[in-house]
Structure formats: C-alpha cells, structure tokens
2 protein chains.
Amino acid sequence: MSASPVPKRLKEARQAAKLTQERLGILAGIDEESASARMNQYERGKHEPDFLTLSRIAAVLEVPATYFYTEDNDVAELLILLHRLLPADRRKLAQYLKGESSSPAFQLEP
Amino acid sequence: MSASPVPKRLKEARQAAKLTQERLGILAGIDEESASARMNQYERGKHEPDFLTLSRIAAVLEVPATYFYTEDNDVAELLILLHRLLPADRRKLAQYLKGESSSPAFQLEP
DNA sequence: TTGATTTACTAAGGATTGCTTAGTATTTGC
DNA sequence: GCAAATACTAAGCAATCCTTAGTAAATCAA
C-alpha cells in the first residue's frame with residue numbers, strides 16, 4: 001500500500017528487452033517528439049501513464065499490463081510466465097489451486 | 001489492449017464483499033462527503049483512481065491491487081488465490097513454473 | 001401501493017496531474 | 001577529449017480528477 005510499482009517494473013522490462021526509453025515509446029505509438037520525455041517521466045515516477053498507454057507498452061515488451069502494477073516480485077515473475085502459457089494451461093493451474101482438481105498434483109502438458 | 005478493467009473488477013470484488021460503494025470508499029479512507037461520488041465514478045469508469053487509492057480499496061476487499069488491472073479472468077482469479085497463499089508457497093509455485101524444480105509436479109504443503 | 005430510506009448515480013467547476021516543447025545533463029564509443 | 005546517443009528536466013497548456021450539491025433508482029416496511 002505505497003507508491004506505484006510502475007516505474008520499477010517499466011525499467012526492469014525495458015532493460016530486459018534492450019530498448020531505449022525513446023525507442024520503446026515510439027514502438028508503443030507515442031509521437032516521436034514527446035516519446036523520450038514521456039517515457040522518462042513514467043520511468044522516473046514523475047507522471048503515471050493511463051492503462052491504455054501502459055497496455056501498448058506491455059505489448060511491445062511482451063508482458064501482461066497487470067505486471068506493471070504488481071508489487072510482489074514472485075507474483076510479478078509469475079505473471080510473465082503465465083502470459084506465455086496457453087490459456088488451457090492457465091485454466092488448469094487455476095483449477096488446481098482452487099482445490100477443484102481431482103488429481104493430487106498439478107501437471108502441465110508436455 | 002483496451003479500456004481499463006478497473007470498473008469491472010471493482011464491482012465484482014465490492015459485491016463479493018457485500019459493501020455499498022459509499023461504505024467501501026469510507027473504509028478505504030475517502031472523506032465521507034465525497035466517498036459515494038468518487039466510488040461511483042470509479043465503478044462506472046468515469047474516472048480512474050490512482051494506485052495508492054486503489055491499494056487502500058484492495059486492502060479493504062482483501063485482494064491484491066494488481067487484481068484490478070487484470071483483464072484475463074483466469075489470471076484475475078488466480079491472483080486472488082495467490083494473495084491468500086503463504087509467501088513460501090507462492091515462491092514454490094513460481095519455481096515450479098520456471099522449470100527449476102526437481103520434483104515432477106507441484107505440491108503445496110498440507 | 002405508497003412513502004421513507006438507502007443506494008446509485010450525475011453535472012459542473014475548482015484542483016490536480018499529465019503531455020508537449022525546448023531544451024540541459026549524462027553516458028557511451030571512438 | 002569529442003561527438004553522438006541516451007537520459008533527464010522545467011514550465012505552461014491540456015486533460016483528468018475531486019468536491020459539491022444535488023437527482024434518479026432501488027429497497028422495504030406499513
């Protein structure tokens with residue numbers, strides 16, 4: 001219950017993708033003239049992007065938008081992994097955790 | 001990559017907790033005078049709360065703040081379940097999904 | 001069903017925050 | 001050290017949110 005995790009997550013994911021602030025902004029559809037300033041303001045926590053802007057950034061970085069709002073590091077990592085699972089596997093995992101699975105342990109398809 | 005899922009998730013979680021818009025706002029620390037209007041604006045998607053406000057609402061509803069930003073329904077459910085796991089179990093699950101676990105299947109402690 | 005009460009909702013303006021512009025500072029590679 | 005690339009910032013205009021003051025709709029007891 002504190003400040004937004006957006007700046008930290010943005011920096012993590014941008015660096016992992018080896019993109020500059022400006023290039024990431026341009027790829028996310030921000031005007032070339034303001035991409036550098038805006039992305040820097042987001043990453044330094046000076047201003048917060050709206051959900052649509054962050055969704056476009058997420059698409060470029062191949063992470064789910066919700067990742068940027070996640071404070072717990074384990075959950076943040078997990079969200080990226082889940083984002084790369086098939087929908088059927090995501091559902092299977094959810095069922096298992098809800099205790100509604102008949103199998104004694106969770107197992108993904110090979 | 002569209003409009004924010006905040007209104008929808010807010011309504012889901014508030015109704016599950018059986019709270020009125022105004023009461024939820026007050027419990028989250030919003031001034032009594034404006035709690036009703038603000039919570040309604042959030043739930044109808046007229047305005048978007050900042051992360052800190054949403055974190056306080058999340059605490060009242062016992063869900064993680066990131067839940068409100070999650071578009072995928074399976075992932076949204078999963079985030080609530082994970083939020084109620086012990087940190088050790090969250091980590092164990094993350095390790096399993098990363099393929100770094102030696103055991104053939106994931107298993108929580110009894 | 002009617003009236004009272006609770007709950008949901010809304011317009012409008014003042015307050016706050018974000019975006020654009022026009023740069024300066026810092027880092028990188030030669 | 002110099003040039004180019006990258007990171008960063010202040011300030012004003014633009015957009016969004018919060019407060020106020022209510023109206024509309026739903027609930028429920030009589």
Side-chain angles (χ1 to χ4, degrees), chain A residues 1-63 65-71, chain B residues 1-63 65-71:
Chain A
M1 198 206 284
S2 57
S4 162
V6 166
K8 176 184 172 183
R9 297 293 175 220
L10 200 48
K11 188 171 187 177
E12 279 176 3
R14 177 181 65 81
Q15 291 182 335
K18 291 181 181 165
L19 291 173
T20 66
Q21 295 174 347
E22 184 179 36
R23 178 120 191 83
L24 173 54
I26 291 169
L27 288 174
I30 294 175
D31 188 275
E32 286 192 357
E33 297 300 306
S34 51
S36 172
R38 279 178 66 183
M39 291 308 299
N40 188 268
Q41 287 160 353
Y42 297 157
E43 199 165 307
R44 306 280 293 184
K46 183 68 188 291
H47 297 302
E48 184 102 353
D50 63 20
F51 186 80
L52 181 57
T53 301
L54 209 42
S55 294
R56 288 174 176 148
I57 292 168
V60 172
L61 298 173
E62 298 181 284
V63 298
T66 192
Y67 161 82
F68 294 109
Y69 299 100
T70 305
E71 288 172 304
Chain B
M1 198 206 287
S2 57
S4 163
V6 167
K8 175 183 170 183
R9 298 292 177 219
L10 200 48
K11 187 171 188 177
E12 278 176 4
R14 178 183 64 82
Q15 290 182 335
K18 290 182 181 164
L19 291 173
T20 65
Q21 295 175 346
E22 184 179 36
R23 179 123 191 79
L24 173 54
I26 291 170
L27 288 174
I30 294 175
D31 190 274
E32 285 192 356
E33 298 300 307
S34 52
S36 172
R38 279 178 66 182
M39 292 306 301
N40 187 269
Q41 286 160 353
Y42 297 156
E43 199 165 308
R44 304 281 295 184
K46 182 67 188 291
H47 297 303
E48 185 103 348
D50 61 21
F51 186 80
L52 180 57
T53 301
L54 209 42
S55 293
R56 288 174 176 147
I57 292 168
V60 173
L61 298 174
E62 300 181 282
V63 298
T66 194
Y67 161 81
F68 294 110
Y69 299 101
T70 306
E71 288 172 304

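Residue numbering restarts at 1 for every chain, and letters A, B, ... go by the order of the sequence lines.
Distance CZ (B:R23) to C1' (C:dA8): 17 Å, rounded to an integer number of Å. A:L52 places its CG atom 15 Å from the C1' atom of D:dA15, with the value rounded to the nearest Å. At whole-Å resolution of the value, CD in B:E22 and P in D:dA25 are 19 Å apart. Spacing between atom CG of B:N40 and atom C1' of D:dA26 amounts to 14 Å, rounded to whole angstrom units. What separates CD1 of A:I30 from P of C:dC19 is a distance of 8 Å, to the nearest Å. Whole-Å rounding puts the A:Q21 CD to C:dC19 P distance at 15 Å. Distance, B:R38 CZ to D:dT16 P: 18 Å, rounded to whole Å. Remark: C1' of D:dA21 and CD of B:E32 are 17 Å apart, rounded to the nearest angstrom.
With contacts defined as side-chain heavy-atom distances shorter than 4.5 Å, the pair A:L52/A:R56 qualifies.
Counting all heavy atoms, side chain and backbone alike, A:A58 lies closest to A:F68 at CB-CE1, 3.6 Å. Here the closest non-hydrogen pair linking A:E48 and A:Y69 is OE2-CE2, 4.0 Å. Shown here for B:P5 and B:E71, the closest heavy-atom pair between the two residues is CG-CG, 3.8 Å. In this structure, B:A35 and B:I26 approach most closely via the heavy-atom pair CB-CG1, 3.8 Å.
The residue among B:S36 and B:Y42 whose nearest nucleotide of DNA chain D is located toward the 5' end is B:Y42.
Tested against A:E43, the residues A:R14, A:K11, A:R38 include a single salt bridge (charged side-chain N to carboxylate O under 4.0 Å, His left out) partner, A:R14.
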Please write out each protein N/O paired with an N/O of nucleotides 12-17 of chain C under 3.5 Å, distance rounded to 0.1 Å.
none

Scan nucleotides 24-30 of chain C against the protein and return all N/O pairs shorter than 3.5 Å with their distances rounded to 0.1 Å.
none

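Rounded to 10 degrees, the angle between the two end axes of the helix from C:dT1-D:dA30 to C:dC30-D:dG1 is 50°, with five pairs used at each end.
Between B:R44 and C:dA8 there is no side-chain N or O to OP1 or OP2 distance below 4.0 Å.
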message: Run A:T53 and A:D50 through side chain to side chain donor-acceptor pair (under 3.5 Å) and show every step you take.
response: CA-CA 6 Å; A:T53 301; A:D50 63 20; 2.8 Å; yes
